[in-house]
Participant: 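Mind looking over this structure? Questions follow.
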There are 2 protein chains.
Amino acid sequence: MDAQPESQIVDAVLNAISEQRLPAGAKLGEQALSELFNCNRANVRRALASLAAKQVVELRPNRGAFVVTPSAQEAREIFQARRAIERTIARQAVARVRDEDVAYLRANIAAETEARARRDKPAELRLSQQFHMYLARLSGNRVLERFLAELTMRSTLILGMYPSAKHACSNCDDHVGIVDALMARDEELLLRLTDEHLRHLEAELNFDLPPVSSVSLKDQLLGSPA
Amino acid sequence: MDAQPESQIVDAVLNAISEQRLPAGAKLGEQALSELFNCNRANVRRALASLAAKQVVELRPNRGAFVVTPSAQEAREIFQARRAIERTIARQAVARVRDEDVAYLRANIAAETEARARRDKPAELRLSQQFHMYLARLSGNRVLERFLAELTMRSTLILGMYPSAKHACSNCDDHVGIVDALMARDEELLLRLTDEHLRHLEAELNFDLPPVSSVSLKDQLLGSPA
DNA sequence: TTAACAAAGATTGTTAACAAAGATTGTCAT
DNA sequence: ATGACAATCTTTGTTAACAATCTTTGTTAA
C-alpha cells in the first residue's frame, strides 16, 4: 500500500529538515527527487508547490526549488508568532492534560537528555520538536497545531543557520519546568515558562558571523584553516 | 506583462472566496480553470496544490478540487486561532500606528458602512477583511499576516455556511471602537475590544439548520416553497 | 415506478517528448 | 594569469497524448 507519492515526498523533506539533514538553502532538484521516490516529475512538482505554500521551500523560476533561508528579521517574526500560538496552546493544554500525557512528555524529555548526552543532534532536535507538537496536539486545535508545525520547521532551519554561541542550550531544563507546571495545572506559571522558553531559544541565536554563507562545497571540502 | 498563471489562479480563487462568489463546496474543475486563464492544466494543478496547502481547497483523489467546507468544530478552532493571532497583531500595531493609518482605517469603516447601506454584501465582506489585514500589515510581522490571511479567508466561508440569524451584525461598530483605542494607544482596551469583536462574530454563527446543504442546483432553481 | 445494470461521456492521473532557460566548461585574447 | 566569450550540458517549463477513474445517461427486468 504505497502512499501518495506527493505526500511521501513532502513528509520526507519535512523530516529531513526536522533533523537538520537538509540545511537551509539546499537545492531540491526535480530529477533527483523523481528518481529517489520512483515517480514522475509531475508528482515532484506538486510536492514542491505544496512545500512552497508551506513556506518551507522557495521556488525560483527557471532555477528550481531551494530550502528557505530565513533572515534575522524573519527569525524574529517566527519566534514572535510562536509565542502567540504556543501561549494559546498552553492554555488549552492545561485544561485537557491527563496523567498519561504527562508520562509521555516526561519520557520525551528523558529521551532528549539522553540524545544530548550521546551528542546525537538530529535525535535531540526531533525530540524537542515532538515535545512542542505533542502539546499542540493536546490543545485540540488543529489550526494552531498546523501553524506550529510550520513554525517549528522553520525554527529548526534558523537554529542551523544561526547556531548558539554557547553550546549549552538550556532546552531540556525548560521543558521539565513546563511539564511540572502542566501537571500542577498552574496556568499562570505555565504561560510564563512557555514564553520564557521561547525567548531563551531566540536569545541564543547568533546572527553575527555567517551572514550569507556560500552553502556549497567550499566550506564542506576545505575546513577553515588555522 | 502577464503574471505567473499559477499565482494568477490562486489570487482569483482567493478573491472570489473573499467576496463569497465562490461558496464552500464549489468544485474547481481543471479544464474550466485552464480555459478561463488560458494556460495548460499543469499550471492549474500547481495552483490547486498551493491552495490545498493553504487549506482553502480540498483535493479529493480522482474527484477533483473543492472549496473547503469547515465544520462547526473547525469554525471554533479557526476563531480561537484568530483571537490568538489578532491579539498579538494588535499589540504590535498599537506601537507602530501612525496618523495616516488611522485615516485609512476610518475611511475603510466609512466605505464598509456605505456598502452595507447599499446591501452590497461582497463589498462589505471585502472591506471588513481589508480592515483586519491592514492591521496585520501594520504589525510588521509577515508570518502573522499570512496566518491571518488564511484565517480570514476561511472565516468568510464560515460566515457563508452558517449565516447569522439576526441580520444586524455589529461589525462596523466594533471596528470604530478598535480604531479609537488604537488612536488613543490604549493597549488594554484595544486587546479587549479585539477579543470581543471576534467573539461577537463567532457568537452570531448559526450552526443549526443547514448541516450539509446539497450545494447544487436544487436550492438554486427551486426556491423554498411557502 | 423502481432498482439494478451497462454503456457512454467527462474528468482526473500519468507519461513522454519537446522547448526554453540557466549553469558549466573550454577557449581565446589581453 | 585573468577576464570575456562561446559551445555544451543540465535543469526547468510546456505541451500533448494516453490511461484510469468517476459520473451520468439509457436500458431492462422485476
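Source: prediction; values computed, not measured.
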Participant: Whole Å only: how far is the CD atom of B:Gln31 from the P atom of D:dA16?
Facilitator: 13 Å
Participant: From CZ of B:Arg45 over to P of D:dG13, roughly how many Å is that when rounded to an integer?
Facilitator: 16 Å
Participant: Got a donor-acceptor pair under 3.5 Å from the side chain of A:Arg60 to the base of C:dG22?
Facilitator: no
Participant: How many angstroms lie between CG in B:Leu135 and CG in B:Leu144, if you round to the nearest 0.5 Å?
Facilitator: 12.5 Å
Participant: Would one find a side-chain N or O of B:Asn43 under 4.0 angstrom from OP1 or OP2 of D:dT14?
Facilitator: yes
Participant: For DNA chain C, whose closest nucleotide is more 5', that of A:Asn62 or that of A:Ala42?
Facilitator: A:Ala42
Participant: May I ask you to decide whether B:Arg82 forms a salt bridge with B:Glu202, counting only side-chain N to carboxylate O separations under 4.0 Å?
Facilitator: no
Participant: Could you walk me through whether B:Leu205 and B:Leu159 pass the side-chain contact (heavy atoms from CB on, under 4.5 Å) test, one step at a time?
Facilitator: CA-CA 7 Å; B:Leu205 296 178; B:Leu159 290 175; 3.7 Å; yes
Participant: Of B:Lys27 and A:Arg63, whose nearest nucleotide on DNA chain C comes first from the 5' end?
Facilitator: B:Lys27
Participant: Rounded to whole angstroms, how far apart are CD on A:Glu30 and C1' on C:dA16?
Facilitator: 15 Å
Participant: For B:Leu48 and C:dT11, give me the distance from atom CG to atom P, rounded to whole Å.
Facilitator: 15 Å
Participant: Without decimals, in angstroms, what is the distance between B:Asn38 CG and D:dT14 C1'?
Facilitator: 15 Å
Participant: Measure CZ/B:Arg46 against C1'/C:dG13 and give the value in whole Å, please.
Facilitator: 18 Å
Participant: Is it the case that the base of D:dG13 and the side chain of A:Arg41 share a donor-acceptor contact (distance under 3.5 Å, atom types as modelled)?
Facilitator: yes
Participant: Find the partner of C:dT27: check Watson-Crick (N1-N3 plus N6-O4 or O6-N4) and G-U wobble (N1-O2, O6-N3) distances, both under 3.5 Å, and reply none if neither fits.
Facilitator: D:dA4
Participant: Apply side-chain contact (heavy atoms from CB on, under 4.5 Å) to the pair A:Gln129 and A:Ser155, showing each step before the final yes or no.
Facilitator: CA-CA 9 Å; A:Gln129 183 179 12; A:Ser155 295; over 6 Å; no
Participant: Would a distance-only check, ignoring hydrogens and angles, find a side-chain to backbone donor-acceptor pair under 3.5 Å from A:Glu19 to A:Arg126?
Facilitator: no
Participant: Rounded to whole Å, please give me the gap between CG in A:Asn40 and P in C:dA17.
Facilitator: 13 Å
Participant: If we call it a pair only when both distances are under 3.5 Å in a Watson-Crick or G-U wobble match, what pairs with C:dA21?
Facilitator: D:dT10
Participant: Whole angstroms only, please: what is the CZ-C1' distance between B:Phe37 and D:dT14?
Facilitator: 19 Å
Participant: Which base sits across from D:dT28 as a Watson-Crick or G-U pair, both distances under 3.5 Å?
Facilitator: C:dA3
